[in-house]
Every structure is written in structure tokens, then in C-alpha cells.
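First up is the structure itself, then whatever we jot down about it.
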Amino acid sequence: MVFDTAPTKPSSTVPKSSIRIAVIGDVHDQWEPEDAAALQHLGIDLTLFVGDFGNEAVHIVEAIAQYDAPKAVILGNHDAWYNATAWGRAKCPYNLKTDNRVRKQLDLLGDTHVGYCKLDFHQYGVTVVGARPFSWGGPDWRNKTFYRQWYGVENFDQSVEKLKVAIHEAAYDTLIFIGHTGPTGLGDRPEDICGRDWSPPGGDYGDPDLAAAIVYARSIGKTVPLVTFGHMHHALRHTKKRLREQIVVDEAQTVNLNAARVPRIIENHGEKLRNFSFVTLTNGMITKASLGWVNADYRIEVEDVLYETQNALEHLSC
């Protein structure tokens, strides 16, 4: 494939040197007006949604689409729960021919859905690239009919080529990748960030096409400070003694963040707490990543710092 069209950047834009990013893990029907208010109150610059809003939950996706702030979205396997598999189509509670809810979700999200494409954020000097949408993860090419019909893609190789197009169309050299599932290569233990935790436990259930796309992006001079995703919930099915690994910093210093803390809204002594993953991007590098629980006053009541650079700690001490 030949790429001969260079993307253009607006000449007058002066990007912010430091931005605060919120990543919303698997929603599973838990999104309320208070979530949008919390993000606004916390001064979030960019919000990334990594899918699984519900079982083709159009009303939740509509609320996300109405969230009026810089955002990028990718849809997950539950967002095509009745469309993607023969089992789902057989169990579908509505008429797929007259009320296709995958199409409704895509139409609602418009350009903010970055599956197999990209979205440039000129005010921040970054491009968000979306992985294969509706992913279930794992080493096998699944849901062949679905991907052929919706995207004209029939295997991992074709999927990688589609992702390469989005990478070349990016206006900026700093790329953030979002997927519903993370890339392969981050561990194969059940408790690893994309590890299989169901029977039989063990195995890398990341997306090989996403991993290949990240390698390719680096090979043409792009930097990838952040790859974020969900799908593999932090609570493990094979043990209750620990949680899943939430963050991995790879050899290229890319921060890989799993944001799927489910349920994402809980009650604590009669008060709702809602979780968000927070990331600070400073001069093209991740300086902090954490999981925060936000209370009714829109303050971070509990924060689990997952990653913080020495530079960020020195800045705080000044």
C-alpha cells in the first residue's frame, strides 16, 4: 500500500503543553448526568471512552454523544452484542432489519467514533487513533461475517492495513491509541493486563492487529505515549485475592492502561462514587496515571496512583 497524502496541521494552533485526560472504562449501563458534570468540574481536557456502554444500549451512547467536550470513543463487544455473533442474532430482542442498533450507535457518535480511523486534536497537538472496534480480544479472528459486512475486513492482516491508513492520516506525530481490548505482548498470566482469567486460565487475549499497528507507528517516526483500553475487568474471575494488573510501561516507554473497573459507580455509606482513570500528558510524555473515585461534590475522594514520573514528582515539590 502506498501512502502519498501528507496530513496538514493548522498553522495558527499553539497546542497546550500539558493536558489532563480522563479514560472511561467499561460503562455497562452506568453513565449519569453527574459523570459529565464531574469531568467538567475537574477540568478535564480530553475524554476517552473505551466501549461496552451496554448490550447495544443506544440510550447510553446517545448520552455520551451529547457530552459536549473534546472526546474520542471506540465501541466494544457488548455494543454489538446482538449483531456480531450468530448466537446474538438468534437471541436478538428486536428486529435487526428495521432497528439496527449498531448503526444507530455509529450514527450518534459520528466522527467521535475512532474505530479504524483517527481524530486530530489540534488544540493539544495529538492524534487519537482507534483500534479495531467491537473487539472481543484473543488470538483468533472472530465474527467474520460482521467484520466483512461492516468494514470489508476478513483477517488480522487486512485489519492492520486499515489501521495503517489511519496512522498515516494523523496530523500529529504524537499518537494516543484507544481500543476496547489492549494489544498483545503485555503478558499471558490470568492476572496480566490482557490475560485470560476464565477457564482454562492463562493466555494473552490482547489484539494482535493493534500490537502490529503500534509497532508500525513507531517505525515511521510516531511516538506513542499512551495506549488505553478496557474489556478485561479489574476484578478477576479465577481468584478474589487480587485485582488485574492495570498498567504496564513497555520498553518503548508507552503507558498501557486498562480502565475497566466494573462496576464504575458504587455506593459507599449511602453516597455514590464514580470511577475515572486520569492521565496527565506533558510535552508528549505521560507524567502521571491514576484511578480515581469521585464523590457527589465532584472531588476525587480516593486516588490510586498507578504511575508517576520522577519529573512530575520534582515539579510538585518545587
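What you see is a predicted model, and the numbers here were worked out from it, not measured in a lab. We're numbering straight along the sequence, starting at 1.
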Problem set entry | Distance in Å, K16 NZ paired with L46 CG, rounded so as to fall on 0.5 Å steps | 10.5 Å
Problem set entry | Minimum-distance pair of heavy atoms, taken over all atoms of G137 and R142 | O-CD, 4.2 Å
Exercise. Same hydrophobic cluster for L75 and V153, using side-chain heavy-atom links shorter than 4.5 Å among ILVMFWY?
Worked result: yes
Exercise. If Ile, Leu, Val, Met, Phe, Trp and Tyr residues are connected whenever their side-chain heavy atoms lie under 4.5 Å apart, and connections chain through other members, are V61 and V262 in the same group?
Worked result: no
For this session: Step through the shown structure and confirm whether more than 12 heavy atoms of other residues, nucleotides or ligands are within 6.0 Å of CG on D68.
Result: no
For this session: Check whether more than 12 heavy atoms from other residues, nucleotides or ligands sit under 6.0 Å from atom CD of Q40, and answer yes or no.
Result: no
For this session: List the steps, then state whether salt bridge (Lys or Arg N to Asp or Glu O under 4.0 Å) holds for E32 with K272.
Result: CA-CA 11 Å; E32 300 173 341; K272 282 186 178 181; 2.7 Å; yes
Problem set entry | Set of residues satisfying side chain to side chain donor-acceptor pair (under 3.5 Å) with respect to E56, sequence neighbours excluded | N83, Y94
Exercise. Yes or no on salt bridge (Lys or Arg N to Asp or Glu O under 4.0 Å) for K222 and D173, after CA distance, side-chain angles and deciding distance?
Worked result: CA-CA 5 Å; K222 304 289 186 179; D173 290 336; 3.2 Å; yes
Problem set entry | Main-chain N/O of L306 paired to Q246 side chain as donor or acceptor, under 3.5 Å | no
Exercise. Can you tell if the side chain of M285 reaches within under 4.5 Å of the side chain of P225, non-hydrogen atoms only?
Worked result: no
For this session: Under the side chain to side chain donor-acceptor pair (under 3.5 Å) rule, what do D52 and H231 come out as? Steps first, then yes or no, please.
Result: CA-CA 8 Å; D52 272 10; H231 186 53; 4.5 Å; no
Exercise. Under the 3.5 angstrom rule, does the side chain of D120 hit a backbone N or O of A171 as a donor-acceptor pair?
Worked result: yes
Problem set entry | Nearest-0.5 Å distance that lies between atom CG in D45 and atom CZ in R20 | 8.5 Å
For this session: Start with the C-alpha gap between D35 and L39, add the side-chain angles, then the distance that decides, and say whether side chain to side chain contact (heavy atoms under 4.5 Å, CB included) holds.
Result: CA-CA 6 Å; D35 287 298; L39 292 169; 5.6 Å; no
Problem set entry | Trace of the side chain to side chain donor-acceptor pair (under 3.5 Å) decision for D197 with H238 | CA-CA 6 Å; D197 65 325; H238 73 295; 4.9 Å; no
Exercise. Would a distance-only check, ignoring hydrogens and angles, find a side-chain to backbone donor-acceptor pair under 3.5 Å from Q30 to R264?
Worked result: yes
Exercise. Are M232 and L257 connected in a single hydrophobic cluster, I mean Ile/Leu/Val/Met/Phe/Trp/Tyr linked by side-chain heavy atoms less than 4.5 Å apart?
Worked result: no
Problem set entry | Pair Y147 + W141: ring centers closer than 6.0 Å | yes
Problem set entry | Rounded distance (nearest 0.5 Å) linking atom CZ of F53 with atom CD1 of I64 | 5.0 Å
Exercise. Should the pair R132-D207 be classified as a salt bridge under the 4.0 Å nitrogen-to-oxygen rule?
Worked result: yes
Exercise. Between E169 and K118, is there a salt bridge with N-O shorter than 4.0 Å?
Worked result: no
For this session: Using a 4.5 Å cut-off on heavy atoms from C-beta on, say whether the side chain of R274 contacts that of W31.
Result: no
Seminar exercise, completed: Correct closest heavy-atom pair for V128 and A72 would be CG1-CB, 3.9 Å
Exercise. From W87 CH2 over to C92 SG, what is the distance, rounded to the nearest 0.5 angstrom?
Worked result: 10.5 Å
Problem set entry | Within 6.0 angstrom of D111 CG, more than 12 heavy atoms from elsewhere | no
Problem set entry | Backbone N/O of E301 and side chain of N295: donor-acceptor pair under 3.5 Å | no
Exercise. So R189 and D192, salt bridge (Lys or Arg N to Asp or Glu O under 4.0 Å) or not? Walk me through it.
Worked result: CA-CA 5 Å; R189 300 176 303 164; D192 281 332; 2.7 Å; yes
Problem set entry | Residue pair D29, H59: steps toward the side chain to side chain contact (heavy atoms under 4.5 Å, CB included) verdict | CA-CA 9 Å; D29 298 301; H59 65 293; 4.3 Å; yes
For this session: Work out which heavy atom in A260 is nearest to a heavy atom in G230; give both atom names and the distance.
Result: CB-CA, 3.7 Å
Exercise. For K144, which residues count as a side chain to side chain donor-acceptor pair (under 3.5 Å) partner, sequence neighbours excluded?
Worked result: none
Exercise. Taking only residues two or more places apart in sequence, or in another chain, which ones meet T85 in a side chain to side chain donor-acceptor pair (under 3.5 Å)?
Worked result: none
Seminar exercise, completed: Between T47 and the options T112, I24, V73, the side-chain contact (heavy atoms from CB on, under 4.5 Å) test singles out I24
Seminar exercise, completed: OG (S219) and CD1 (I214) are apart, to the nearest 0.5 Å, by 12.5 Å
Problem set entry | Side-chain donor/acceptor of E62 to backbone N/O of V58, under 3.5 Å | no
For this session: Decide whether Y216 and V160 are clustered together by the hydrophobic rule: side chain heavy atoms of Ile, Leu, Val, Met, Phe, Trp, Tyr closer than 4.5 Å, transitively.
Result: no
Exercise. Do Y205 and W198 have their ring centres less than 6.0 Å from each other?
Worked result: yes
Exercise. What is the ring orientation for W150 with F146, classed by angle as parallel under 30°, tilted 30 to 60°, or perpendicular over 60°?
Worked result: tilted
Problem set entry | H113 ring center within less than 6.0 Å of F49 ring center | no
For this session: Step through it carefully: locate the ring centre of H28, locate the ring centre of H233, and say whether they are under 6.0 Å apart.
Result: yes
For this session: Looking only at non-hydrogen atoms, find the nearest pair between L281 and I21 and report the distance.
Result: CB-CD1, 4.2 Å
Problem set entry | Residue pair P263 / W293: nearest heavy atoms and the distance that separates them | O-CH2, 3.8 Å
Exercise. In Å, rounded to the nearest 0.5 Å, how long is the span from OG1 of T254 to CG of N256?
Worked result: 6.5 Å
Problem set entry | T282 and T280, any side-chain heavy atoms less than 4.5 Å apart | yes
For this session: Considering non-hydrogen atoms only, spot the tightest contact between D204 and P139 and give its length.
Result: O-CD, 4.2 Å
Problem set entry | Note, V227 side chain near I178 side chain (heavy atom, < 4.5 Å) | no
For this session: Compare all side-chain heavy atoms of D79 with those of Q105 and state whether any distance is below 4.5 angstrom.
Result: yes
Problem set entry | Side-chain heavy-atom pair Y172, H122 within 4.5 angstrom cut-off | yes
Problem set entry | N268 side chain to E271 backbone, donor-acceptor under 3.5 Å | no
Problem set entry | Trace of the salt bridge (Lys or Arg N to Asp or Glu O under 4.0 Å) decision for E191 with R196 | CA-CA 8 Å; E191 62 271 20; R196 174 184 175 132; over 6 Å; no
Exercise. Just wondering, do I300 and L42 contact through their side chains at under 4.5 Å, heavy atoms?
Worked result: yes
Problem set entry | Modelled atom types, side-chain donor and acceptor of Y116 and S159, under 3.5 Å | yes
For this session: Look only at the side chain of N275 and the backbone of R261, and say whether a donor-acceptor pair between them is shorter than 3.5 Å.
Result: yes
For this session: Answer yes or no: is there a side-chain heavy-atom contact under 4.5 Å between R242 and L236?
Result: yes
Exercise. Can I176 be reached from L119 by stepping across I, L, V, M, F, W or Y side chains whose heavy atoms are under 4.5 Å apart?
Worked result: yes
Exercise. Quick check: are there more than 12 heavy atoms from other residues, nucleotides or ligands sitting under 6.0 Å from NZ of K91?
Worked result: no
